[in-house]
Every structure is written in C-alpha cells, then in structure tokens.
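For reference, the structure is listed below as structure tokens.
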Amino acid sequence: VVKKQQVNIAQSSSVLGGNTAIKLAAVDEAQVSVDSSLVKGGKIGLSLSAKKAAVTLKNANVSAADTAIELNAQDKHKLQLTQSYMTDSATAIKLMGSGKVNIEIQGGQVGKMGRVLLQQSNSDKAMSISNNQGWLAGNIAATGKVSVTNKDANSTIEMGNNWNLNGGKLENKGQLYIAGKGSIGTTYLNGELQQNGSGKLFLDADFANNRHDQLVLTNTNVGADLHETKIIIDAISYKPGASATIISTSGNKQVRFNK
C-alpha cells in the first residue's frame, strides 16, 4: 500500500503522456510540484488521488484535451499556481471527492471563455479561490459553497455564461468582465456579488440593436453590493435614448449601490 507519492518536475522539463501525463494514487498524500516546465497529456495533464492532494505550479504550462488538473481528495485539495497557464483544456480544474478546497493563483492564466474554469462534484465542502494578479476565464460548476476573491486592480476575471457558486460570494477588487471581454451575452451567477475599492465592472453593448451584457443573480437568498463601483460600458454602437438592464435578481433581493 502506497501511503504517499510525490513528484517534482525540475526546470525546463517536458512531460508528455498518453491519456494522462502524470498520475498519482496514494492512501494519505499525493503531491506534484512543477517548476518552469510543460506537462501535456492526451486527455488529462495531472491526476491525483489521495486523502490529501496538492499541486504546486511555478512558471508552468499544463494542458490536455479534457482536463488540465484532476484532483480526487477525501480530506483536502490544495492548488498553488504561480505565473502558470492552463488554457487549452475543456476543463482547467476538476475536483472530485469530499475534500475541502483551497486554490491560490498568483499571475498567469487559468481557463478560457467557452470552456470550464472549475468543476466540482461529490462534495458540499466550502471552497476558496484567491486570484492575485492572474487572469481567470470560463464557467464554474460547484456543489459546495464557493468564495472567489479578485484581489486587486491587476486581477482579472472573465465570467462565462454560468457561475454556480452554490450561494457563495464573488468579491471583486479588480477587473470583472460580464460574459467575457469583447463579447455580448448573459452571465448567470448563483451567488452574491460584492464590489469593493478598486473593483471595476466591464460590459459590452450594441445599443443600436438592443443588445448588451447582463448579469443575472439566480440565488433568491443573496443579492449584490456595489460599493464605489466603476461600471465601464464598451459600446460598439449607440442609439439616442437607449437603456440597458445591467443586473437583475431573483426573488426580493436587491442590488445595493453606495456612493
């Protein structure tokens, strides 16, 4: 019985696999550390299964057709991504098992519009995602309550059409694009939106054709708090007297504007 497995990929290495580039299974712990290297699998880049599963990436690129990183942990999932990229997979991060989740992103880019940024299944545990000067893009599908923090003015999130935070909170202190940057669509957010400090909300609009981005808050228990928010509309056309519903809510919840 293997209780602990650990793999360290040194600088300037390439790990190219068939279905899965790196696959670890252990009873207690499975850990992968990748520094300044490429990991590319046919279907899955990294796959870890254990009570505790941890991935640390630094200046790395992980890709695969289906899933870049797949973690199955019963106790704790932990991802630390520094100046790393996962943009070529249908799903960037897939979390299985009942473990708690902690994801820290420092620079780099995770996910891509039209694809899945994060998928969680088989767990009702709370999850935290901290984005510090990185770029996150795509959809989120979670079974536990998710807390996402866009930490400062240099942190960017492109929301896909569906952000299911399961009633959690998105706190934006950076740049938040509804339905992606440069495209018009609707984002459905199952969770609360809180704008703080340097947070900017970006929307695209085609007023001449009555088209514009919209954020729909689908959870009847939470709303939105837009505190000192800067809303920036990138209009590709104009029409006198045109108006736009930017945010709508379900139930009796309100969108609160402070000065």
Side-chain angles (χ1 to χ4, degrees), residues 1-73 75-97 99 101-121 127 129-141 154-158 160 180-181:
V1 177
V2 179
K3 289 193 173 183
K4 182 176 180 178
Q5 280 195 321
Q6 183 172 345
V7 172
N8 297 317
I9 309 300
Q11 292 187 6
S12 303
S13 299
S14 294
V15 180
L16 307 177
N19 285 337
T20 305
I22 298 175
K23 185 174 184 178
L24 302 182
V27 174
D28 291 333
E29 294 184 44
Q31 300 178 6
V32 170
S33 177
V34 181
D35 186 357
S36 305
S37 299
L38 168 68
V39 177
K40 185 173 184 179
K43 290 186 176 181
I44 301 173
L46 302 174
S47 176
L48 284 71
S49 178
K51 287 183 180 179
K52 297 180 180 180
V55 173
T56 301
L57 303 181
K58 183 179 180 182
N59 299 315
N61 191 323
V62 180
S63 68
D66 292 343
T67 305
I69 294 179
E70 179 183 87
L71 301 184
N72 187 347
D75 186 11
K76 186 176 182 180
H77 305 84
K78 185 175 182 180
L79 286 87
Q80 292 182 311
L81 314 177
T82 302
Q83 294 296 338
S84 295
Y85 294 82
M86 296 185 295
T87 60
D88 298 329
S89 304
T91 300
I93 301 170
K94 181 181 291 185
L95 303 173
M96 303 156 64
V101 181
N102 181 27
I103 300 175
E104 298 178 3
I105 297 166
Q106 176 75 46
Q109 182 173 344
V110 180
K112 191 174 184 178
M113 289 301 297
R115 302 180 184 182
V116 178
L117 166 63
L118 175 71
Q119 179 181 337
Q120 180 195 31
S121 60
M127 178 194 313
I129 303 173
S130 174
N131 178 35
N132 187 1
Q133 301 188 13
W135 192 298
L136 309 185
N139 297 314
I140 289 181
N154 295 314
S155 304
T156 302
I157 293 176
E158 285 188 272
K181 183 179 180 179

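Atoms considered below: every heavy atom in the structure, side chains included; atoms not considered: hydrogens, waters and symmetry mates. Residue indices begin at 1 and follow the sequence shown.
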Residues which pass side chain to side chain contact (heavy atoms under 4.5 Å, CB included) with [X], listed by chain and number, not counting sequence neighbours:
X	result
Ala137	Met113, Trp135, Glu158
Ala64	Ser89
Ala90	none
Ser84	Leu57, Ala60

Identify the two heavy atoms, one from [X] and one from [Y], that lie closest to each other, and give their separation to 0.1 Å.
X	Y	value
Thr20	Lys23	CG2-CB, 3.9 Å
Ala68	Ala92	CB-O, 3.2 Å
Ala26	Gln5	CB-N, 3.9 Å
Gly99	His77	O-ND1, 3.3 Å

side-chain hydrogen bond (donor to acceptor under 3.5 Å, both in side chains): pairs with one or both residues in [range], sequence neighbours excluded:
range	answer
residues 107-121	none
residues 54-66	none
residues 38-47	Ser47-Glu70

Quick check: do [X] and [Y] have side-chain heavy atoms less than 4.5 Å from each other?
X	Y	value
Ile105	Ile103	yes
Leu95	Met127	yes
Lys94	Ile44	no

If you look only at distance, which donor and acceptor atoms sit under 3.5 Å apart when one is on a side chain in residues 27-37 and the other is two or more places apart or in another chain?
{"residue": "Glu29", "atom": "OE1", "partner": "Gln31", "partner atom": "NE2", "Å": "2.7"}
{"residue": "Asp35", "atom": "OD2", "partner": "Gln11", "partner atom": "NE2", "Å": "3.4"}
{"residue": "Ser37", "atom": "OG", "partner": "Ala10", "partner atom": "O", "Å": "2.5"}
{"residue": "Ser37", "atom": "OG", "partner": "Ser13", "partner atom": "N", "Å": "3.1"}
{"residue": "Ser37", "atom": "OG", "partner": "Asp35", "partner atom": "O", "Å": "2.9"}

At what distance, to the nearest 0.5 angstrom, does [atom1] of [X] lie from [atom2] of [Y]?
X	Y	atom1	atom2	result
Thr67	Ile93	OG1	CD1	10.5 Å
Asn154	Asn131	CG	CG	10.5 Å
Leu117	Ile157	CG	CD1	8.5 Å
Lys76	Asn102	NZ	CG	6.0 Å
Met86	Leu136	CE	CG	9.5 Å
Ile129	Leu118	CD1	CG	5.0 Å

>> If the condition is side chain to side chain donor-acceptor pair (under 3.5 Å), which residues does Gln106 pass it with, not counting sequence neighbours?
In response: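 Partners of Gln106 under the side chain to side chain donor-acceptor pair (under 3.5 Å) test: Asn132.
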
